[in-house]
Amino acid sequence: MRRSIVPSDDDRYSSATTATGRSRTRRWSAVELIITEKDNAARRIADILSGGTYDSSRENGVNVYEWGGKRCVGLSGHVVGVDFPPEYSDWRDVEPVELIDASVEKTPTKENIVATLRLLARRAERVTIATDYDREGELIGKEAYDIVRNVDEDVPIRRVRFSSITENEVQQAFDEPDDLDFDLAAAGEARQIIDLIWGAALTRFLSLSAGQLGEDFISVGRVQSPTLKLIVDREREIEAFDPEDYWELFADLQKDETSFEAQYFYRDEDDNEAERVWEEAVADEVYETFSERDAVTVVDVNRRTRTDTPPTPFNTTQFIRAASSLGYSAKRAMSIAEDLYTAGYITYPRTDNTVYPDDLDPEELLDDFVGHTTLGESAESLLEADEITPTEGDEETTDHPPIHPTGEIPARGDISDDEWEIFELVVRRFFATVAEAAVWEHLKVVAEVDDYRLKANGKRLVEPGYHDVYPYFSTSENYVPDVDEGEELALSDVELEAKETQPPRRYGQSRLIETMEELGIGTKSTRHDILEKLYDRGYVESDPPRPTRLAMAVVEAAEDYADRVVSEEMTAQLEADMDAIASGEATLDDVTDESREMLEEIFANLAESRDEIGDQLRKSLKDDKRLGPCPECGEDLLVRRSRHGSYFVGCDGYPDCEFTLPLPSTGKPLIMEETCDEHDLHHVKMLAGRQTFVHGCPLCKAEDAGEGPIIGDCPECGEGSATTESSRDEGGETAEEGGELAIKTLQSGSRLVGCTRYPDCEYSLPLPRRGEIEVTDEYCDEHDLPELVVHSGDEPWELGCPICNYQEFQARESESGSDLESLDGIGAKTVEKLADAGIEDLEDLTAADPDAVAEDVDGVSADRVRSWQAKA
DNA sequence: GCAAGGTC
């Protein structure tokens, strides 16, 4: 039976559209099969080679593009992955050291794509591999090659290479096809094997030694561990930092009506200009000298112009850096860039290249923006230049062009504000790279009293150049007036500032990514993912990332026993080895065998220290949960998790000390650096996506909770209540009676009227979350409680007696039902779960971030939340 | 349950 590639009827995504709108005529003769790295590339190549006349259909959910005897299909990066055979999969049954000599297998990871590829390969007369033009692309191409060979031993397979998907490059590549570079692919394969063996063996060893086998395993890897060491080393510097006192002197100088700031400086022993004075006595002497005078003499005026060259084209790292100065995390910036790329507005966002290809015609691209409401003016001004020469960076690669706009411009309403902001950044960066340089004028004035000198540095932007089209860099000026040598200037406001040297700053996310690039670890596509991994593994917290005690212990253990895996040199060596394989000087086996031997040696040393390492890791895991001293016994309080999974604060002295404190039910607790002055306990932040909030010191919170005005007796257990009457009859203990109602604020921030005998008496009435609550003198006749007034917004809201208010509320509810339950497709169970996550009504629901909700609430997907929001 | 590298 002939197998058809016509999509099956039950594939709801199936489509068979014609780019030209013509009806489709399928040719069943054998065809040429073109394989690309991704669907996007497949479509664009089909478009170029077919002149826009391709048909598209879907097979197993994979797009297939077809035209005159050719089919083109995109992979999704690697469609097979390396792993150990299944008998190695139980961590407890296999000694980690055994993984070193275990075989490594390749298995399909994207079954549908592999199946489609096999199907198409059977029908192919010739196969052309058109994956990305870099090492990993060669390996992905080799993987496709193996799949094709598996179904057809003889079909000719060739390779084409191009560094940007433009008409010229693609046509040229197909005119001069080449063969697959098996050595280059083998180089990539060696990396896969070495990364898997080192990563898996060491990860399992550390996890087993610390008894961390669940989802909280302790990971190590060639890229993540040196990155973590960067963060840990910086933290060590910060912890070891010893601040030093110094002084700086500032004064105001005046020329006519204009005053400007000047700073004291001197020449240090190396004859460099220095501003910091390290001895207090010297600082005082300088201060006295200046404060006794009311004028200084100008002794030097230095004016020079400086050219400020426009920035180079965006590669991934520089793009992330620019986006981070707009407040985007690396992850978010990349995610938006990927969306803009998929939608066709910008070029591929994962690139090392900083040199535009010859194919890019800047004027043509600028033309696309002419007439645009917000971007047009800049483009038009740039087109006025006589000649346009784009800037170039140092790195020129074959993979992809630098990130630039495609010329396709989204309508403002088609994309979100964030997407637009990032799109505009990419557009303006392109503008900047073809713009003129800016020119600054610097004016330095030096004035003197006795032997002491003041300087003022002025700067003025004379030619704004590229800053006109790229407003992301500061162009702030500092005005210093024109003065002449020998001129006297009035002196006032002399101030001596006592300061302290500061510890080095933590790496920010974009600085880390830049440093990784400099050290050659990770790739353009993975560096930001590696940072995410460090967060996921519990190695870093907050932003900028701060290492946990666990991270410090892992780095320490690695430094002691497996130094290679925390050093960037492992990558440097691997790169050299891969080059050797690619050039035929070494084989895959040479390199992987040597690597295995090195790891064997490491394990020989590790074995004896397994318990010691485990103890150290366990201790640091506990330190990461430490809040500070227990007020009852002096041991430490720890963040713990109950059997039901909820978090609370318990004492390390348990069971001797049973002291506990509650934590809010929403989110995952994060122990902050900040501590409480009163209790010496670390503050706690509850991480819950968009609903993340700072809980503060849990002891303060516990003490505050329940404090609030008493408004009357509890109707359930207070004076005159039915319970009190009956327990009196039975001679019950009076100590458990006489509850009163108080206005309480809970840790979650919500408020209620509750019984002072909580938790023995659970009587409570709801109160609004916002606004100040006033207790008036007017009393409700029926319930003997004061009327309440809520002050929020312009109009105070008379809530009245809280019991009457609640009864009215209940009456309304029973009429209409909960407003969440009014939505189609939402059940009572879900309403309950949503409420636990802090979403109590429609208003909360529409304001919530669907992804955060999906993360917090079991069984609810982000798409489902979006559908509710649409209905609401 | 492990890595890092593609891609979505």
Side-chain angles (χ1 to χ4, degrees), chain A residues 36-42 61-63 74-84 86 88-100 102 104 106 109-110 112-113 131-144 185 187-208 211-228 316 334-343 348-351 399-400 516 521-534 536-537 562 565 570-571 574-575 578 595 599:
Chain A
T36 68
E37 191 155 323
K38 41 192 170 279
D39 173 59
N40 224 307
V62 182
N63 290 328
L75 308 175
S76 182
H78 290 286
V79 293
V80 296
V82 289
D83 209 346
F84 302 109
Y88 289 89
S89 57
D90 192 321
W91 292 30
R92 279 157 303 194
D93 280 358
V94 180
E95 280 297 326
V97 69
E98 291 176 47
L99 295 176
I100 301 175
V104 173
K106 279 205 170 187
T109 48
K110 306 263 166 57
N112 61 326
I113 298 177
T131 47
D132 290 355
Y133 187 5
D134 55 19
R135 187 175 54 220
E136 214 62 24
E138 209 67 22
L139 176 53
I140 291 166
K142 163 72 162 34
E143 289 161 2
E189 234 173 336
R191 179 201 57 71
Q192 288 185 314
I193 294 167
I194 290 169
D195 280 342
L196 174 66
I197 295 178
W198 281 68
L202 289 169
T203 294
R204 287 197 194 180
F205 180 88
L206 291 187
S207 302
L208 283 163
Q212 293 288 110
L213 287 186
E215 53 191 48
D216 295 325
F217 60 86
I218 298 173
S219 69
V220 179
R222 173 179 59 84
V223 178
Q224 61 168 283
S225 297
T227 306
L228 188 57
T316 302
M334 283 310 288
S335 148
I336 293 175
E338 278 152 20
D339 289 345
L340 292 172
Y341 155 70
T342 314
Y348 193 63
R350 296 187 271 261
T351 176
D399 57 354
H400 298 278
M516 290 169 78
I521 54 180
T523 72
K524 64 218 180 211
S525 319
T526 59
R527 290 184 194 114
H528 64 279
D529 288 334
I530 296 282
L531 287 195
E532 281 305 305
K533 184 174 277 187
L534 297 182
D536 290 346
R537 295 281 189 270
V565 85
M570 179 160 174
T571 296
L574 183 59
E575 288 288 344
M578 284 194 287
S595 184
L599 191 55

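Residue numbers start from 1 in every chain, and the chains themselves are labelled A, B, ... in the order their sequence lines are given, proteins ahead of strands.
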**Asked** What does A/I194 touch in the nucleic acid at a heavy-atom separation under 4.0 angstrom: a base, only the sugar-phosphate, or nothing?
**Response** nothing

**Message:** What contact category does A/S89 fall into here, base, sugar-phosphate, or nothing, at under 4.0 angstrom with non-hydrogen atoms?
**Reply:** base

side-chain contact (heavy atoms from CB on, under 4.5 Å) partners of [X], counting only residues at least two apart:
{"X": "A/F217", "value": "A/W91, A/T203, A/S207, A/S219, A/R537"}
{"X": "A/D90", "value": "A/R92, A/D93"}
{"X": "A/D529", "value": "none"}

**Request:** List for me each residue that meets ring pair (Phe, Tyr, Trp, His ring centres under 6.0 Å) alongside A/H400, sequence neighbours excluded, and say none if there are none.
**Result:** A/Y348

**Request:** Let me have a per-nucleotide readout for nucleotides 3-8 of chain B, 5' to 3', with B, S or -, counting only protein heavy atoms under 4.0 Å.
**Result:** BSBBBB

**Asked** For A/E532, what residues pass the side-chain hydrogen bond (donor to acceptor under 3.5 Å, both in side chains) criterion, not counting sequence neighbours?
**Response** none

